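To start, the structure itself, in structure tokens.
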Number of protein chains: 2
Amino acid sequence: MGTVGKALDLLNLFTRQRALVGLSEMARLSGLNKATCHRLLTEMESRGLVEQVGAAREYRLGPAVLRLAALRETAVPTRDAAMPVLQALARATGETAHLSLREGDKLVTIAFAYSPTHATKVMMEDADILPWHATSSGQAVIAFLPEAEREALLARPLPRLTDVTETDPGQLRARLDAVRLRGFAETTGTFETDAQSVALPLFLNGDEAVGALGVAFPANRSTPDLLSCIRRELAGAAAEIIDLWGGQSPPGVALLWQRLT
Amino acid sequence: MGTVGKALDLLNLFTRQRALVGLSEMARLSGLNKATCHRLLTEMESRGLVEQVGAAREYRLGPAVLRLAALRETAVPTRDAAMPVLQALARATGETAHLSLREGDKLVTIAFAYSPTHATKVMMEDADILPWHATSSGQAVIAFLPEAEREALLARPLPRLTDVTETDPGQLRARLDAVRLRGFAETTGTFETDAQSVALPLFLNGDEAVGALGVAFPANRSTPDLLSCIRRELAGAAAEIIDLWGGQSPPGVALLWQRLT
DNA sequence: TGTTGATGGTTCATTATTTGAACCGTTGGT
DNA sequence: ACCAACGGTTCAAATAATGAACCATCAACA
């Protein structure tokens, strides 16, 4: 791996729970030498990608990422274009809508919208990383990935997050087959107990999913009516987002969704 | 300069006007060897910072920057925290409000809000880079920078963007003195003919400005009443944003702003 | 149809940069 | 007063970056 890769990997050590990282801790986490870490960090600091803060001189992500993200959004209005649809979806279903994108081997939540309808709702966080096997969004995406990539992701450890999390690759494969047949994924309590969710894969061009659109709600609120409402609204919203992105869903999937509405 | 710096500099070659850049062009723009460019780009691509797209295999900013920006925002809610204030400011003044942050030697617009009041308004773009000498936001920030940094920025070329752009460092220095005395900056037609704007510096801690809050409007709408309204609203909004950021404006500046309201 | 010039991408000997153990100066706790 | 942890620095040794020359491909053009 080249020097640049090492530097960029350092950026991935920042998480929401660990927004500030000191030099030594960074070296420990990355496995790199402290001096190497220091050089990489100062180099990234000079470009504003990270910044040093406070008396402890800890590092955190810098303001340059905001500019880059704004630039990316004007070039490819992924988040901004989907935001209104997401809000409408939350309003129409009365539940929490969220949009996740695939980034290599990670599934990252990049936007979400709440509904004011109910006091209890499923809360989300930006930049959350969702497990492939235990969320409806993860299953929706992974089901519509080329077989090789799907198997690569299934070959990784599948942690049992709750009592009902499916951790057997074989069983999971069967579920993904079902997802592919229905055009959407549904999970109940596999990620967080009491939370249920429905998700549809999102496409740009070709048959490969690039992300997912989901609605999550407290499982105790689940009724056939609510579910069919959510499926219906999701199908419309997903089609709309794909359209806004200038993409196209595979004909087979589009047909499945039409039946939902 | 290290390898990492070179790679990150490649990211800065992407602009709104040039969202897609091919390999050869990138080498040309950066002055690096084509092979070097290619290696740096593929390495950044493997981390999602850039992506390759289309038949021409051109490069553009990748989805990873969205995740990083979202993470930065949860750690340091710069944009999201200021957004409501910005919208209120646009509503109260009836004009275009915008927020810019200093990133090293650049001043970058990271958010803005329009008012529906008038059909004609000053339009803005995310990730715009503002010239220090020709915008009220630039002057507001540069006036409240340590002398050494101010002089470094004044020593660079100061392009004449319109007929009335001040390009003489000496004259500019005098203007900045005035800005410091008044606590805000005002320019008319120095960036774009027909556009007028007022801006206040933003502080985090200490006397060094980290950004600016501005309101821009068509010069032909300018009246003493509008100006005093804008100054008043700006003072309140700037104080609010600084407070939301957990910062503090220098006592002298805070006093000047209080007189405006 | 063959030529030209552009593109993205690859190779490999040369070269310059990265690397890391050991070091320094501070700080905070015991 | 001590110790351990912190951020940061040094410099010879090791490794990774570099770039001229090279393909393959494509589009325009004669």
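Only this structure's heavy atoms are used, side chains among them; waters, hydrogens and symmetry mates stay out. First the proteins, then the strands, lettered A, B, ... as listed; each starts at 1. Here the structure is a predicted model, which is why all the values come from computation and not from measurement.
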Value in whole Å for how far the [atom2] atom of [N] lies from [atom1] of [X]:
{"X": "A/L40", "N": "C/dT18", "atom1": "CG", "atom2": "C1'", "answer": "9 Å"}
{"X": "B/L32", "N": "D/dG19", "atom1": "CG", "atom2": "C1'", "answer": "11 Å"}
{"X": "B/R28", "N": "C/dG5", "atom1": "CZ", "atom2": "C1'", "answer": "12 Å"}
{"X": "A/L41", "N": "D/dG8", "atom1": "CG", "atom2": "C1'", "answer": "12 Å"}
{"X": "B/L20", "N": "C/dG8", "atom1": "CG", "atom2": "C1'", "answer": "15 Å"}
{"X": "B/K34", "N": "C/dA6", "atom1": "NZ", "atom2": "C1'", "answer": "10 Å"}
{"X": "B/L10", "N": "D/dA17", "atom1": "CG", "atom2": "P", "answer": "14 Å"}

Counting only side-chain N and O atoms of [X], is one of them less than 4.0 Å from OP1 or OP2 of [N]?
{"X": "B/R39", "N": "C/dG8", "result": "no"}
{"X": "A/Q52", "N": "D/dC6", "result": "no"}
{"X": "A/T3", "N": "D/dA17", "result": "yes"}
{"X": "B/Y59", "N": "C/dT7", "result": "no"}
{"X": "A/R57", "N": "D/dC6", "result": "no"}
{"X": "A/T36", "N": "C/dG20", "result": "yes"}
{"X": "B/H38", "N": "C/dT10", "result": "yes"}

Nearest-neighbour nucleotide for the [X] side chain, [options] considered:
{"X": "B/K6", "options": "D/dT18, D/dA20, D/dT10", "result": "D/dT18"}
{"X": "B/N33", "options": "D/dG19, D/dG8, C/dG9", "result": "D/dG19"}
{"X": "A/L23", "options": "D/dA17, D/dG19, D/dG7", "result": "D/dG7"}

Position toward the 5' end of DNA chain D (nearest nucleotide), A/V4 or A/G22:
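Final value for this comparison: A/G22.
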
5'-most by nearest nucleotide on DNA chain D - A/S24 or B/G2:
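Its nucleotide being nearer the 5' end, the pick is A/S24.
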
Within the supplied structure, the quantity of interest is the number of heavy atoms (other residues, nucleotides, ligands) at a distance under 6.0 Å from A/R57 CZ; does it exceed 12?
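At most 12 heavy atoms, drawn from other residues, nucleotides or ligands, come within 6.0 Å of this atom.
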
Mark yes when over 12 heavy atoms from residues, nucleotides or ligands other than A/R18 sit less than 6.0 Å from its CZ; otherwise mark no.
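Yes - once you tally the heavy atoms of other residues, nucleotides and ligands closer than 6.0 Å, there are more than 12.
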
Are any of the side-chain heavy atoms of A/R72 and B/E51 separated by less than 4.5 Å?
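A side-chain contact under 4.5 Å exists here.
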
A/W132 to A/R102 - nearest heavy-atom pair and separation:
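Minimum heavy-atom separation between A/W132 and A/R102: CH2-CG, 3.7 Å.
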
Plane angle bin for A/F203 and A/W257 - parallel if under 30°, tilted between 30 and 60°, otherwise perpendicular
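Plane angle between 30° and 60°, so tilted.
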
